[in-house]
Amino acid sequence: MVEFVLTEEQIALRDLARDFVAREIAPVAAALDAHPDPADCFSWELIEKLSESGLRTVALDPVHGGAGADAVTLSMLAEELAVGDIGISVVMAQTWKIAQTIQRGGTPEQLERFLPILRDDPRGILAIGITEPDMGSDYIIPFTSPEAGPRMTAVRDGEGWVLNGMKHFISNGSRAALYIIFARTTEATPMLKGMTAFFVPRGTPGFSVGRVHNKMGERLANNAELIFENCRIPATNLFGEVNGGFDILQRFFPASNAYAAASVLGVGRAAYEKCLDFAKSRVQGGRKIIEHQSMRLLLADTKMRLDSTRDYIWHAAWASEHPEHFDATWAAMPKVLAAETAVRATQVAINMHGGYGLMRVMGLEKLYRDAAMFLISDGTQQALGLKAANAIFPVQNPAG
Amino acid sequence: MHVIACIRQVPDYEAPAGLFTVEGSPPAIVASREVKPVIGLFDQHALEAALRLKDAHGATVTAVTLGPPGAVDVLKRALHMGADAAVLIDEQPYGQLDAAATATVLAAAITKLAPFDMVLCGRQASDWDGGVVGAGVAERLDLPLASLVKALEIQNGDTRVERLIDGGVEDAALPNPCVLTVTNELNTPRLTNVKHILAAAKKKIPTWGPADLTLPVEAVTRAVRIRIVGLAKPIVDRRCEMVAGEGPEDAGTNLALALRASKSL
């Protein structure tokens with residue numbers, strides 16, 4: 001039987017994340033979100049403070065200078081940080097999951113070369129580049145036709161590889177110190193067998209950052225274009241096998257969906273907590289609205305959805321590290337459920353606050369934007385649904 | 001350098017008064033389950049001061065608390081913030097303690113932790129606001145005391161402090177070992193830290209009782225000078241009175257007059 005009773009260590013980490021939210025994130029999140037230039041919404045100051053607290057490197061194994069936090073603990077922390085702001089949560093969750101991936105899939109030489117970039121630089125955050133202007137849901141479902149997949153190419157050249165092409169919508173794209181980039185290495189082949197992963201450190205000649213995208217929500221995380229123009233990298237930057245890129249995604253990112261789910265769940269919880277506080281103080285008809293039956297039912301319903309979603313996320317996260325218990329649909333559906341839960345919670349919150357809910361100063365419209373982002377971010381609900389459906393009953397051509 | 005920080009577990013000092021009731025005989029303040037136990041406000045600043053001495057001078061920091069078994073939580077938090085060791089003194093054998101008796105027990109524990117260079121306490125507890133335990137500890141240990149410390153540094157082996165005094169600040173130098181009670185102006189307490197949380201999991205927090213302190217219960221009981229004979233919550237009377245006027249200025253004048261008449265000004 002799986003139990004999710006938190007250990008003393010997990011409680012202490014959770015309390016640290018809560019204290020960090022209260023002291024560092026909550027006071028600045030709304031102002032950062034409001035910057036018109038999306039690049040200005042990002043805060044190195046917050047990242048450096050997360051480094052000081054040890055949270056930035058919490059996913060590194062102790063031998064590499066971290067806490068070796070497991071997937072359930074990381075899900076819990078992603079939710080806690082997102083109660084303060086989902087952008088900060090995503091910046092960290094991306095870094096955590098990529099750190100886990102490098103540790104599990106990198107060679108000893110790569111661990112020695114790349115982990116210090118994360119461990120030693122207080123601004124060391126990580127990014128993964130898969131999505132392109134013409135490839136989004138392709139790799140999520142995944143589509144199996146040879147035309148589907150990355151346009152970006154990696155061509156063998158002597159002792160190294162030459163990368164050409166473009167990525168976009170990449171989380172931490174403009175800020176990361178190290179990137180894992182997926183490129184096509186065999187033409188006219190389904191991406192399952194023709195895509196390869198590479199390590200590309202920031203500053204590699206031929207690699208530059210394009211636009212920072214101006215998003216509706218999750219603005220404290222920067223998403224950006226990555227541009228590769230004859231970008232040469234050594235053969236030792238190959239991650240996994242040639243044409244084994246999809247295998248890297250499948251083997252090393254089983255908890256990725258759970259982390260995204262936990263982040264957006266935190267937005268829902270923030271909305272619920274605002275509701276609870278408001279309902280205890282707002283008086284209508286001579287009584288606090290928490291004593292009004294319609295409001296009481298909304299609170300109970302929202303809490304039920306948040307709690308049950310959390311259980312689903314934690315179960316998926318736990319199973320990601322116990323492969324014998326992992327169901328492939330759990331690599332897709334936790335985010336689907338969590339995004340729906342969070343959007344609903346933010347709508348309830350606006351509704352419960354009445355006219356106040358429409359005022360930006362109350363912070364609910366930010367939560368609504370942040371939650372709605374995740375109906376699309378990390379895979380559209382439909383693409384993830386098809387991915388899960390393929391796990392239940394595969395069909396030859398999912399597009400049809 | 002060995003610095004001892006005395007910290008006390010109190011009900012969350014930011015919790016609204018409505019979450020507390022007075023119950024029992026002798027009367028006691030009972031917090032509702034919603035009220036979380038925390039480290040007293042000024043004690044957090046005492047602990048932070050100790051940790052800064054660790055950062056700056058490599059001091060070893062020991063956190064001490066006198067309380068029920070559940071008070072071990074504040075000691076864990078001290079370890080999570082970076083304290084090197086922590087000791088819980090079980091208050092249960094001693095029964096109801098006042099400030100004087102508390103100082104007697106703490107002084108015995110601090111003596112057992114010797115050698116030390118400095119004892120740091122909050123200026124007052126966040127629940128009873130007595131503000132005398134630190135001074136009592138200094139008296140029992142026969143050590144110099146500086147109270148209401150708002151700035152602190154080590155100079156040539158001595159402790160230099162700035163003390164808050166009425167209308168100003170007093171600079172003072174004390175030889176070590178000494179006892180300081182600190183104010184919230186001294187510093188901003190740090191958050192816990194992943195590294196210290198992991199390290200704390202390997203540390204044991206001993207619980208000391210009368211036998212460990214060689215302090216018989218009767219000696220402490222004799223030290224108690226104050227009994228609580230009654231506790232009452234103040235009755236808050238809210239009234240709303242609308243003050244009118246011919247215009248804003250007139251209304252303002254009438255408001256000032258009304259406040260003076262009600263002795264609010």
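Chain letters run A, B, ... following the sequence lines, proteins first and then strands; every chain starts at 1.
- Using a 4.5 Å cut-off between heavy atoms, E8(A) contacts chain B through its side chain alone, with no backbone atom that close.
- Counting heavy-atom neighbours within 6.0 Å of K112(B) NZ, excluding the residue itself, gives a total above 12.
- By the neighbour-count criterion of 12 heavy atoms within 6.0 Å, atom CZ of F4(A) is densely surrounded, having more than that number from other residues, nucleotides or ligands.
- For Q92(B), the CD atom counts as densely surrounded, since its 6.0 Å shell holds more than 12 non-hydrogen atoms of other residues, nucleotides or ligands.
- Within a 6.0 Å sphere centred on CZ of R23(A), heavy atoms belonging to other residues, nucleotides or ligands number more than 12.
- Scanning residues 54-88 of chain B against chain A with a 4.5 Å heavy-atom cutoff picks out K76(B), R77(B), H80(B), ordered by number.
- Within 6.0 Å of NZ in K233(B) there are more than 12 heavy atoms belonging to other residues, nucleotides or ligands.
- L16(A) is listed as a side-chain neighbour of I197(B), based on a closest heavy-atom distance under 4.5 Å.
- More than 12 non-hydrogen atoms from other residues, nucleotides or ligands lie less than 6.0 angstrom from CD of E23(B).
- Smallest separation of non-hydrogen atoms from E52(A) and N193(B): O-ND2, 2.7 Å.
- Residue-environment remark: CD (E321(A)) exceeds the threshold of 12 foreign heavy atoms within 6.0 Å.
- Of all residues in residues 62-95 of chain A, those placing a non-hydrogen atom less than 4.5 angstrom from a non-hydrogen atom of chain B are G66(A), A67(A).
- Ranked by non-hydrogen atom pairs under 4.5 Å with chain B, the options D19(A), V58(A), D15(A) are led by D19(A).
- Open room surrounds CD on Q293(A); 12 or fewer heavy atoms of other groups in view lie less than 6.0 Å from it.
- Summarising the geometry, atom CD belonging to E24(A) is positioned 6.0 Å from atom CG belonging to L191(B); distances are rounded to the nearest 0.5 Å.
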